[in-house]
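The structure appears right after this line, and notes come after that.
Position 1 is the first residue of the sequence, and the numbers go up from there.
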Amino acid sequence: MKKKHIFIIFFILLISIIIFWQITYKKSNSGNNISKSDKFDILNISSYEATIEVQVYSNKNTSKYVLRQKYYKPNILKQEVIEPENIRGLTTTFDGTNLTIENKALNLKKLYENYNYMTGNYLSLVGFIDEYKKAENVKEEVVANERIIEIELSGSNNRYEKFRKLYIDEKSNLPTKMEILDVNQNISVYILYKEIKINKTSKDEVLGS
């Protein structure tokens, strides 16, 4: 119980500077705003831009976040908090070498040089892709017109982050949601892709304001 409490605190800290976890998915009347892209292999993309809704589950409550992500190969990534309001505008930008954390509302900016950011970004699509490419145990199936890719994180010592599932719409070939699961296959983090476009974002768009 103590270990889980420490884990939740650690996650909240990371999300505050934008890095980490999950949500249980139910379709709403508005649906996902998924734009079509050119033909591509989702596991070998060159860039993407997405608005994601994240729900993090603990024993006592559920925390919800809305983030905007931009990625350009091989390791350039920006994330901005849209919700909740109290940390809105909090942005992390990794330029391939350095990580910048900025909150324009508070006029705060911090630079971390030579930072290994990408390996720790569990909320990003490219984070899943990187794990997929080195995973030893991978399962794939098609259910209700969705391709489901499940990977086991064999190198993870965290019992609350043991599996990840990516759901891909068979028609558009775009991801609809991602789940991070514990050792008992219970969801600890759920990510819903509200908007996403693939291979249409430039490096300047990622690094720009």
Side-chain angles (χ1 to χ4, degrees), residues 1-35 48-71 76-95 99-112 115 117-128 158 160-161 164-167 174-182 186-197 201 205-209:
M1 199 64 181
K2 183 178 179 181
K3 289 184 178 179
K4 182 161 187 178
H5 181 66
I6 293 172
F7 166 73
I8 293 299
I9 292 175
F10 182 58
F11 172 79
I12 297 291
L13 176 62
L14 288 180
I15 195 71
S16 296
I17 54 178
I18 321 253
I19 316 172
F20 241 130
W21 306 49
Q22 153 190 137
I23 164 174
T24 317
Y25 173 68
K26 294 182 180 179
K27 291 185 178 179
S28 63
N29 292 331
S30 59
N32 292 356
N33 184 10
I34 303 292
S35 61
Y48 79 89
E49 185 172 343
T51 299
I52 64 173
E53 183 179 290
V54 182
Q55 291 187 24
V56 183
Y57 296 93
S58 67
N59 287 338
K60 295 183 178 180
N61 54 42
T62 300
S63 300
K64 181 178 177 180
Y65 305 87
V66 177
L67 307 176
R68 186 71 178 167
Q69 297 179 332
K70 293 182 181 181
Y71 162 79
I76 296 172
L77 180 68
K78 174 182 279 188
Q79 290 192 132
E80 179 182 359
V81 176
I82 307 301
E83 296 177 10
E85 187 65 31
N86 64 323
I87 55 171
R88 180 180 176 88
L90 181 63
T91 303
T92 59
T93 305
F94 184 69
D95 64 7
L99 176 68
T100 301
I101 301 172
E102 185 173 15
N103 189 324
K104 292 182 179 179
L106 299 177
N107 196 28
L108 297 175
K109 188 174 183 178
K110 179 68 175 178
L111 174 67
Y112 296 88
Y115 192 87
Y117 179 59
M118 293 302 297
T119 58
N121 196 331
Y122 297 95
L123 289 178
S124 70
L125 176 59
V126 71
F128 176 91
N158 192 329
Y160 303 106
E161 183 212 349
R164 287 196 213 174
K165 286 185 180 181
L166 183 66
Y167 294 73
L174 291 166
T176 58
K177 61 182 177 179
M178 187 195 306
E179 297 170 346
I180 300 174
L181 305 100
D182 64 18
N186 296 316
I187 295 175
S188 50
V189 184
Y190 175 99
I191 299 167
L192 174 66
Y193 291 91
K194 302 292 288 183
E195 300 178 12
I196 187 165
K197 59 181 181 180
T201 304
E205 287 177 307
V206 177
L207 295 177
S209 56

- Message: Working note: I76 + L207, criterion side-chain contact (heavy atoms from CB on, under 4.5 Å); need CA distance, chi angles, decisive distance, verdict.
- Response: CA-CA 8 Å; I76 296 172; L207 295 177; 3.6 Å; yes
- Message: Distance to the ring centre below 6.0 angstrom and angle to the axis at most 45 degrees; does that hold for K165 and Y167?
- Response: no
- Quick one: closest heavy-atom pair of M178 and S124, and the distance? CE-O, 3.9 Å
- Query: Which residues satisfy the salt bridge (Lys or Arg N to Asp or Glu O under 4.0 Å) test with R88, sequence neighbours excluded?
  - Reply: none
- Query: Should L99 and T93 be marked as a side-chain contact (heavy atoms from CB on, under 4.5 Å) after you check the CA-CA gap, both sets of side-chain angles, and the distance that decides it?
  - Reply: CA-CA 6 Å; L99 176 68; T93 305; over 6 Å; no
- Atom pair CD (E161) and CG (D182), whose distance is rounded to the nearest 0.5 Å: 11.0 Å
- Message: How about CG on N107, more than 12 heavy atoms from neighbouring residues, nucleotides or ligands closer than 6.0 Å, or not?
- Response: no
- Note on the structure: The reported gap from CZ in F128 to CD in E179 (rounded to nearest 0.5 angstrom) is 11.0 Å
- Item | Option among L174, T51, I52, T176 that satisfies the side-chain contact (heavy atoms from CB on, under 4.5 Å) test with Y193 | I52
- Message: Do V56 and T62 have side chains that approach each other closer than 4.5 Å (heavy atoms only, starting at C-beta)?
- Response: no
- So how far is it from Q79 CD to Y71 OH, rounded to the nearest 0.5 Å? 13.0 Å
- Task: Work out which heavy atom in I101 is nearest to a heavy atom in Y112; give both atom names and the distance.
- Result: CD1-CE1, 3.5 Å
- Kindly compute the distance separating CD1 (I87) from CD1 (I82), expressed to the nearest 0.5 Å. 10.5 Å
- Item | Check: G89 main-chain N/O paired with T91 side-chain donor or acceptor under 3.5 Å | yes
- Okay, side chain of K78, backbone of G208: is any donor-acceptor separation there less than 3.5 Å? yes
- Task: Would you check if there is a donor-acceptor pair between the side chains of Y65 and E83 at a distance under 3.5 Å?
- Result: no
- Query: Should E80 and R68 count as an ion pair when the cut-off is N to O under 4.0 Å?
  - Reply: no
- Note on the structure: On a heavy-atom basis, the closest approach of Y115 and F94 is O-CE1, 2.8 Å
- Note on the structure: Those residues at least two apart in sequence (or on a different chain) that pass salt bridge (Lys or Arg N to Asp or Glu O under 4.0 Å) with K109 are none
